[in-house]
Amino acid sequence: MKKFLILLMGLTVIGSMLGCQQQVDQDIKDKIKFVPNKDYIGDPHPVVHEKMKLTDEEKQEFDKLQQEVLIQKEGK
């Protein structure tokens with residue numbers, strides 16, 4: 001009987017801790033809100049540079065397309 005009560009208490013504590021953790025996660029999500037900064041003068045959509053893993057052929061094709069885009073932009 002004693003072991004059963006200890007096991008029941010342990011499960012109760014674990015259950016309440018899991019419930020508290022879920023409530024904390026939800027509270028944090030509710031507190032996080034996007035508020036635009038009107039004083040920000042930088043680019044709102046900055047260019048993100050990522051290194052791509054391409055084969056040599058794909059790299060050459062990408063460079064060619066990139067040059068074509070740059071030429072079209074300069075022509076406008």
Side-chain angles (χ1 to χ4, degrees):
M1 186 69 171
K2 199 175 195 181
K3 290 181 182 179
F4 176 73
L5 288 175
I6 292 173
L7 179 63
L8 183 61
M9 283 180 22
L11 290 174
T12 304
V13 169
I14 290 172
S16 65
M17 291 175 99
L18 289 174
C20 290
Q21 180 63 37
Q22 290 173 351
Q23 182 64 36
V24 168
D25 289 344
Q26 188 61 38
D27 287 345
I28 291 173
K29 288 178 185 176
D30 291 341
K31 289 179 183 177
I32 297 174
K33 294 181 180 173
F34 175 74
V35 178
N37 183 355
K38 294 177 183 174
D39 297 330
Y40 179 70
I41 57 173
D43 184 8
H45 305 287
V47 177
V48 178
H49 297 282
E50 294 183 15
K51 293 192 177 204
M52 297 182 286
K53 296 179 182 179
L54 302 174
T55 63
D56 290 335
E57 292 174 1
E58 291 172 332
K59 177 74 172 145
Q60 289 174 353
E61 185 178 342
F62 175 76
D63 289 338
K64 181 181 173 185
L65 288 173
Q66 192 174 25
Q67 289 298 323
E68 289 175 10
V69 169
L70 289 174
I71 290 170
Q72 287 178 355
K73 278 187 176 180
E74 290 174 359
K76 287 187 177 181

Query - Derivation of the side chain to side chain contact (heavy atoms under 4.5 Å, CB included) call for Q66 and V69 - result: CA-CA 5 Å; Q66 192 174 25; V69 169; 5.8 Å; no
Report summary line: side-chain contact (heavy atoms from CB on, under 4.5 Å) filter on E57, not counting sequence neighbours, yields T55
Report task. Count the heavy atoms belonging to other residues, nucleotides or ligands that lie under 6.0 Å from CD of E61, then report whether that count exceeds 12. Result -> no
**Report entry** From CD (Q67) to CD1 (I71), nearest 0.5 Å
**Finding:** 6.0 Å
Query raised in the report: Any chance CD1 of I41 has more than 12 other-residue heavy atoms, nucleotides or ligands included, within less than 6.0 Å?
Result: no
**Report entry** With Q60 via side chain to side chain donor-acceptor pair (under 3.5 Å) - residues at least two apart
**Finding:** none
